[in-house]
S.K.: 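Handing you this structure, nothing more for now.
Per chain, numbering begins at 1; letters A, B, ... match sequence-line order. What you see below is based on every heavy atom in this structure, not just the backbone, and it leaves out hydrogens, waters and symmetry mates.
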Amino acid sequence: MTRIRIANILKDGKPGEEVLISGWVRTRRDSKNAFSFIELNDGSCMSNIQVVIDNDAEGYSEHIKDVTTGASVTIKGELKESPGKGQRVEVQGNSIQLLGTADAKTYALQKKRHSFEFLREIAHLRPRTNTFGAIARVRNTICFAIHQFFQEQGFISVQTPIITTSDCEGAGEMFQVTTLNLNRLAERKTEVDYEQDFFGKRASLTVSGQLEAEIFATSVGKCYTFGPTFRAEKSNTTRHLSEFWMVEPEMPFYELEDNMELAESFIKSVIGKVLEDCKEDMEFFNLRIDKTLLETLQNIMENEFKRVSYTEAIQLLKDCDQKFEYPIEWGTDLQSEHERYLTETHFKQPVILYDYPRTIKPFYMRCNDDGKTVRAMDVLVPRIGEIIGGSQREERLDVLLDRMKECDLDPEEYWWYVDLRRYGSVPHSGFGLGLERLVQLVTGMTNIRDCIPFTRTPKNADF
RNA sequence: UCCUCGAUAGCUCAAUUGGUAGAGCGAGCGGCUGUUAACCGCUAGGUUAUAGGUUCGAGUCCUAUUCGAGGAGCCA
């Protein structure tokens with residue numbers, strides 16, 4: 001007899017069927033001297049299945065005392081129409097096998113509400129809760145939808161390196177990778193000779209796969225990377241992680257407008273897939289986490305993202321009645337409060353800002369003819385802020401070299417990147433999307449630390 | 001890294017001007033019940049984050065440290 005996932009039983013199990021199920025006990029309610037109710041969950045879906053088991057069932061008398069919250073059991077029985085409220089079918093158990101006990105005195109996850117802060121400290125158990133089980137399932141659907149979106153359009157999945165020696169982009173602090181003996185170096189107090197290090201030069205964990213993705217975009221065509229990314233910034237916010245996952249499509253022959261179009265349809269496609277495939281989990285989030293979640297996502301799905309140039313946005317912020325803590329000036333980056341005003345108060349939907357001052361953007365973004373701005377675009381969403389950052393890339397060799405000089409970068413260090421402009425250069429564009437920020441947007445979770453299975457932030461790398 | 005707030009029972013929190021440490025949930029035991037956020041009764045559970053200081057007396061005041069939350073910066 002084969003084991004059946006609880007999700008399958010609840011979906012289309014029919015009364016009369018023999019079933020074998022295994023999972024973790026959420027709660028048990030005893031009916032004195034006659035039978036017990038067991039709420040069993042196997043993580044396949046949000047709902048538990050209710051098992052009714054009589055005291056003469058095999059294994060009952062010896063094990064039922066230990067069938068406590070958190071214990072793991074296997075149950076054989078027959079599906080029945082449930083006379084009670086709350087479930088279509090239930091299992092009438094014939095036998096119960098206790099796989100593992102969970103001492104109620106010490107098991108942290110008792111049947112009560114726990115704060116997310118507490119659950120973060122027991123990350124090895126938190127996927128057993130309703131919320132974190134739902135996050136895991138939704139995150140999975142998001143990841144699948146991401147691949148599906150690109151694969152269906154002929155994008156090639158490219159694995160870019162995690163260890164890199166290009167100290168590049170200035171995209172933030174990097175984690176150094178070394179096999180040098182740090183204790184010994186600390187004693188010597190001399191200059192570090194990186195030629196002695198594993199790679200013969202200073203190496204770090206990647207902050208972006210973009211530059212490498214451009215190599216494949218200009219050879220095999222539209223491509224995307226989807227992998228872990230590392231930032232050693234000491235950020236302590238609800239939307240930053242030290243280790244996170246990023247999706248970075250890169251497309252040849254795409255100009256900024258094509259890039260924006262792709263970004264918009266990408267986000268809508270992924271959200272649509274989740275709304276379709278994770279109905280139960282999404283209803284849970286809407287009920288328990290954010291009462292406006294489904295409405296917000298529906299709104300995102302149904303409306304065009306507003307496209308506003310940086311210059312227009314500055315003007316709009318200057319003209320509005322809202323008082324800001326930080327003044328707005330053309331040439332400075334927007335503050336969180338400004339982004340929030342645009343997405344939450346003014347437009348009340350996602351906004352794509354484009355054509356930023358070149359002084360606040362990296363060297364690889366394509367310069368506009370006005371001499372002041374570059375073809376950058378940020379997709380801002382309510383509550384979270386920037387979820388996508390991208391640009392059309394500078395494909396003109398001379399302009400790129402000038403820009404590198406302006407940014408105080410040595411073209412020698414980026415020789416292969418520059419080469420792409422020297423031989424068969426083409427216009428191309430791409431963007432980066434933070435997976436966890438998308439999970440945050442889709443689930444309504446307020447803290448990004450709860451949107452990744454194993455959270456890495458400054459001072460936190462347990463589990 | 002900066003600003004603000006916080007750390008008290010397994011969890012979530014309360015404790016007046018500095019004066020004997022409390023509740024709900026959870027847990028254990030008992031009762032009741034086709035129950036389902038079950039219900040009713042009883043019981044246990046604490047070096048008040050850590051280190052120092054002020055005081056007759058500190059959960060409460062002061063200093064430092066650690067950790068957490070919210071906001072800012074950086075960004076995805």
Side-chain angles (χ1 to χ4, degrees), chain A residues 26-40 47-54 65 68-70 80-87 90 92 102-122 129-130 169-173 207-210 228-248 263 288 324-326 332-340 360-362 378-381 384-390 431-441 446-449 451-452 457-460 462:
Chain A
R26 284 296 176 77
T27 176
R28 187 189 92 218
R29 297 177 291 274
D30 293 332
S31 187
K32 183 75 174 175
N33 292 333
F35 56 90
S36 297
F37 295 99
I38 298 169
E39 294 278 343
L40 200 65
S47 298
N48 308 319
I49 192 154
Q50 174 163 286
V51 176
V52 184
I53 188 156
D54 292 336
K65 280 268 170 219
T68 55
T69 300
K80 288 201 158 167
E81 223 168 288
S82 180
K85 282 179 185 163
Q87 59 279 318
E90 62 188 23
Q92 179 68 48
D103 185 353
K105 282 210 176 76
T106 55
Y107 185 58
L109 280 185
Q110 289 304 329
K111 195 189 58 171
K112 71 182 291 290
R113 280 198 63 117
H114 297 285
S115 66
F116 295 139
E117 290 83 9
F118 171 67
L119 292 172
R120 242 170 260 154
E121 293 167 10
I122 50 168
T129 63
N130 286 335
E169 278 191 64
E173 292 292 309
V207 292
S208 164
Q210 178 204 317
T229 309
F230 308 87
R231 303 273 167 94
E233 239 108 41
K234 288 188 176 149
S235 307
N236 218 335
T237 76
T238 52
R239 51 189 191 284
H240 288 87
L241 293 165
S242 307
E243 176 181 302
F244 63 99
W245 285 62
M246 188 151 67
V247 183
E248 294 177 285
R288 294 293 171 89
F324 296 112
E325 196 182 332
Y326 294 88
T332 60
D333 220 341
L334 267 66
Q335 307 287 326
S336 295
E337 56 176 345
H338 304 139
E339 295 181 354
R340 293 188 76 125
I360 57 170
K361 290 291 180 184
D378 284 355
V379 180
L380 310 179
V381 294
I384 290 156
E386 184 177 347
I387 197 166
I388 279 179
F431 61 81
L433 168 127
L435 176 67
E436 287 73 19
R437 287 191 183 170
L438 184 56
V439 174
Q440 235 182 320
L441 176 70
T446 54
N447 197 320
I448 200 167
R449 295 168 187 204
C451 295
I452 188 167
T457 51
K459 303 281 183 204
N460 186 355
D462 289 338

S.K.: Would you mind classifying the nucleic acid contact of A/Arg26 as base, sugar-phosphate or nothing, using non-hydrogen atoms under 4.0 angstrom?
M.R.: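 Nothing: the residue A/Arg26, judged by heavy atoms under 4.0 Å, touches no strand.
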
S.K.: With a 4.5 Å heavy-atom cut-off, do A/His338 and A/Arg340 have their side chains touching?
M.R.: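 A side-chain contact under 4.5 Å is absent here.
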
S.K.: In whole Å, I'd like the distance from the CD atom of A/Glu39 to the P atom of B/U35.
M.R.: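 Value for this atom pair: 13 Å.
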
S.K.: Counting only side-chain heavy atoms from C-beta out, which of B/A69, B/A76, B/G34 sits nearest to A/Glu117?
M.R.: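 Among B/A69, B/A76, B/G34, the one nearest the side chain of A/Glu117 is B/A69.
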
S.K.: Is it true that A/Thr27 and A/Glu39 share a donor-acceptor pair across their side chains at a distance under 3.5 Å?
M.R.: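 A/Thr27 and A/Glu39 do not have a side-chain donor-acceptor pair below 3.5 Å.
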
S.K.: Regarding A/Lys65 and A/Asp30, does a basic nitrogen lie under 4.0 Å from an acidic carboxylate oxygen?
M.R.: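 No salt bridge links A/Lys65 with A/Asp30.
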
S.K.: If we only count heavy atoms from C-beta on, is the A/Asp378 to A/Ile388 side-chain gap below 4.5 Å?
M.R.: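 No, their side chains stay 4.5 Å or more apart.
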
S.K.: Nearest of B/A38, B/A76, B/C74 to any side-chain atom of A/Arg29?
M.R.: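 It is B/A38.
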
S.K.: Nearest whole Å is fine: how far is B/A7 P from A/Phe118 CZ?
M.R.: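 Roughly 18 Å, once rounded to whole Å.
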
S.K.: Across the strands shown, which category fits A/Leu241 at heavy-atom distances under 4.0 angstrom: base, sugar-phosphate, nothing?
M.R.: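 Counting heavy atoms under 4.0 Å across all strands, the contact made by A/Leu241 includes a base.
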
S.K.: Rounded to whole angstroms, how far apart are CG on A/Asp30 and P on B/C32?
M.R.: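 It works out to 13 Å between those atoms.
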
S.K.: Would you mind classifying the nucleic acid contact of A/Lys459 as base, sugar-phosphate or nothing, using non-hydrogen atoms under 4.0 angstrom?
M.R.: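 Contact class for A/Lys459: sugar-phosphate only.
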
S.K.: Calculate the interatomic distance between A/Phe230 atom CZ and B/A76 atom P; express it in whole Å.
M.R.: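 For the pair A/Phe230 CZ and B/A76 P, the rounded distance is 16 Å.
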
S.K.: Whole-Å distance between B/G34 C1' and A/Phe35 CZ?
M.R.: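 About 5 Å, once rounded to whole Å.
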
S.K.: Please determine whether side-chain contact (heavy atoms from CB on, under 4.5 Å) holds for the pair A/Leu40 and A/Ile49, giving the CA-CA distance in whole Å, both sets of side-chain angles, and the decisive distance to 0.1 Å.
M.R.: CA-CA 5 Å; A/Leu40 200 65; A/Ile49 192 154; 4.1 Å; yes

S.K.: Rounded to whole angstrom, note down the P distance from B/G6 over to B/G10.
M.R.: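 Each nucleotide's P atom is 23 Å from the other's.
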
S.K.: Check whether any side-chain heavy atom of A/Met246 lies under 4.5 Å from a side-chain heavy atom of A/Leu433, and answer yes or no.
M.R.: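 Not in contact.
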
S.K.: Look at all strands and tell whether A/Glu90 reaches a base, only sugar-phosphate, or nothing, counting heavy atoms closer than 4.0 Å.
M.R.: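 Base: the residue A/Glu90, judged by heavy atoms under 4.0 Å, touches a nucleobase.
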
S.K.: Looking at B/C74, does its base get a donor-acceptor pair with the side chain of A/Ser235 below 3.5 Å?
M.R.: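 Yes, a donor-acceptor pair under 3.5 Å.
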
S.K.: Which letters describe nucleotides 24-30 of chain B, given B = protein heavy atom under 4.0 Å from base, S = only from sugar-phosphate, - = neither?
M.R.: -BSSS--

S.K.: Under the rule for ring pair (Phe, Tyr, Trp, His ring centres under 6.0 Å), what residues qualify as partners of A/Phe116, not counting sequence neighbours?
M.R.: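 Only A/Phe132 meet the ring pair (Phe, Tyr, Trp, His ring centres under 6.0 Å) criterion with A/Phe116.
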
S.K.: Base, sugar-phosphate alone, or nothing: which one does A/His240 contact when heavy atoms must sit under 4.0 Å apart?
M.R.: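 Answer is base: heavy atoms of A/His240 come under 4.0 Å of a base.
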
S.K.: For the side chain of A/Asn447, starting at C-beta, report the closest nucleotide among B/G70, B/A76, B/U36.
M.R.: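 Among B/G70, B/A76, B/U36, the one nearest the side chain of A/Asn447 is B/G70.
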
S.K.: Given B/A72, is OP1 or OP2 found less than 4.0 Å from the side-chain N or O atoms of A/Ser336?
M.R.: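 True: A/Ser336 side-chain N/O within range (under 4.0 Å) of B/A72 OP1/OP2.
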
S.K.: Provide the closest heavy-atom pair for A/Glu233 versus A/Glu173 in the form atom of the first, atom of the second, distance.
M.R.: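 That would be OE2-N, 3.2 Å.
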
S.K.: For A/Gln87 and B/U36, what is the distance between atoms CD and P respectively, to the nearest whole Å?
M.R.: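 It works out to 11 Å between those atoms.
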
S.K.: Could you work out the separation of B/U4 and B/A44 based on their P atoms and round it to a whole Å?
M.R.: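 Looking at atom P only, B/U4 and B/A44 are 44 Å apart.
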
S.K.: Using the C1' atom on both, measure B/G34 against B/G70 and round to a whole Å.
M.R.: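 One C1' to the other, the span is 46 Å.
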
S.K.: So which nucleotide from B/G71, B/U35, B/C11 ends up closest to the side chain of A/Ser115?
M.R.: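 Shortest atom-to-atom distance from the side chain points to B/C11.
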
S.K.: Assess whether one donor atom and one acceptor atom, taken from the side chain of A/Gln50 and the base of B/U35, lie less than 3.5 Å apart.
M.R.: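 Side chain to base: pair present.
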
S.K.: Between the side chains of A/Asn130 and A/Arg26, is a donor N or O closer than 3.5 angstrom to an acceptor N or O?
M.R.: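 The answer is yes; a qualifying pair exists.
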
S.K.: Does A/Ser31 place a side-chain N or O at less than 4.0 Å from the phosphate oxygens OP1/OP2 of B/G34?
M.R.: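 Yes, within the criterion.
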
S.K.: Do A/Glu386 and A/Val381 have side-chain heavy atoms sitting under 4.5 Å apart?
M.R.: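 The answer is no, as the side chains (C-beta and beyond) never meet within the 4.5 Å cut-off.
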
S.K.: Send over the distance from A/Phe37 CZ to B/A37 P, rounded to a whole Å.
M.R.: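 After rounding, the reported distance stands at 12 Å.
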
S.K.: If you assign each of A/Trp245 and A/Gly84 to its closest nucleotide in RNA chain B, which residue comes earlier from the 5' end?
M.R.: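 Result of the comparison: A/Gly84.
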
S.K.: Where are the stems of RNA chain B, defined as at least 3 consecutive Watson-Crick or wobble G-U pairs with both distances under 3.5 Å?
M.R.: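 Output for stems: B:1-7 with B:66-72, B:10-13 with B:22-25, B:27-31 with B:39-43, B:49-53 with B:61-65.
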
S.K.: Which listed nucleotide (B/U36, B/G34, B/C74) is nearest to the side chain of A/Pro83?
M.R.: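 Ranking B/U36, B/G34, B/C74 by closest atom to the A/Pro83 side chain puts B/G34 first.
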
S.K.: So what does A/Tyr326 hit on the nucleic acid, given a heavy-atom distance under 4.0 Å: a base, only sugar-phosphate, or nothing?
M.R.: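 The residue A/Tyr326 makes sugar-phosphate contact but no base contact.
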
S.K.: Taking atom C1' in both B/U48 and B/U60, compute the distance separating them and give it to the nearest angstrom.
M.R.: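 One C1' to the other, the span is 10 Å.
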
S.K.: Side chains of A/Arg29 and A/Gln50: is there a donor and an acceptor less than 3.5 Å apart?
M.R.: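 Short answer, yes.
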
S.K.: Report yes if a side-chain nitrogen or oxygen of A/Thr238 is closer than 4.0 Å to either non-bridging phosphate oxygen (OP1 or OP2) of B/G71; otherwise report no.
M.R.: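 Answer is yes, contact under 4.0 Å.
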
S.K.: Among B/C75, B/G34, B/A38, which nucleotide sits nearest the side chain of A/Arg437?
M.R.: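 Ranking B/C75, B/G34, B/A38 by closest atom to the A/Arg437 side chain puts B/C75 first.
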
S.K.: Work out how far the P atom of B/A21 is from that of B/G28, and round it to whole angstrom.
M.R.: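 That atom pair is separated by 29 Å.
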
S.K.: Would you kindly give the NZ-to-P distance between A/Lys234 and B/C74, to the nearest whole Å?
M.R.: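 Value for this atom pair: 18 Å.
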
S.K.: Counting C-beta onward and ignoring hydrogens, is there a side-chain heavy-atom pair between A/Leu109 and A/Thr69 closer than 4.5 Å?
M.R.: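 Heavy-atom side-chain distance check fails, nothing below 4.5 Å.
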
S.K.: Let me spell it out: for each of A/Lys361 and A/Thr446, pick the nucleotide of RNA chain B with the closest heavy atom. Which residue's pick is nearer the 5' end?
M.R.: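 Taking each residue's closest nucleotide, the earlier one in sequence belongs to A/Thr446.
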
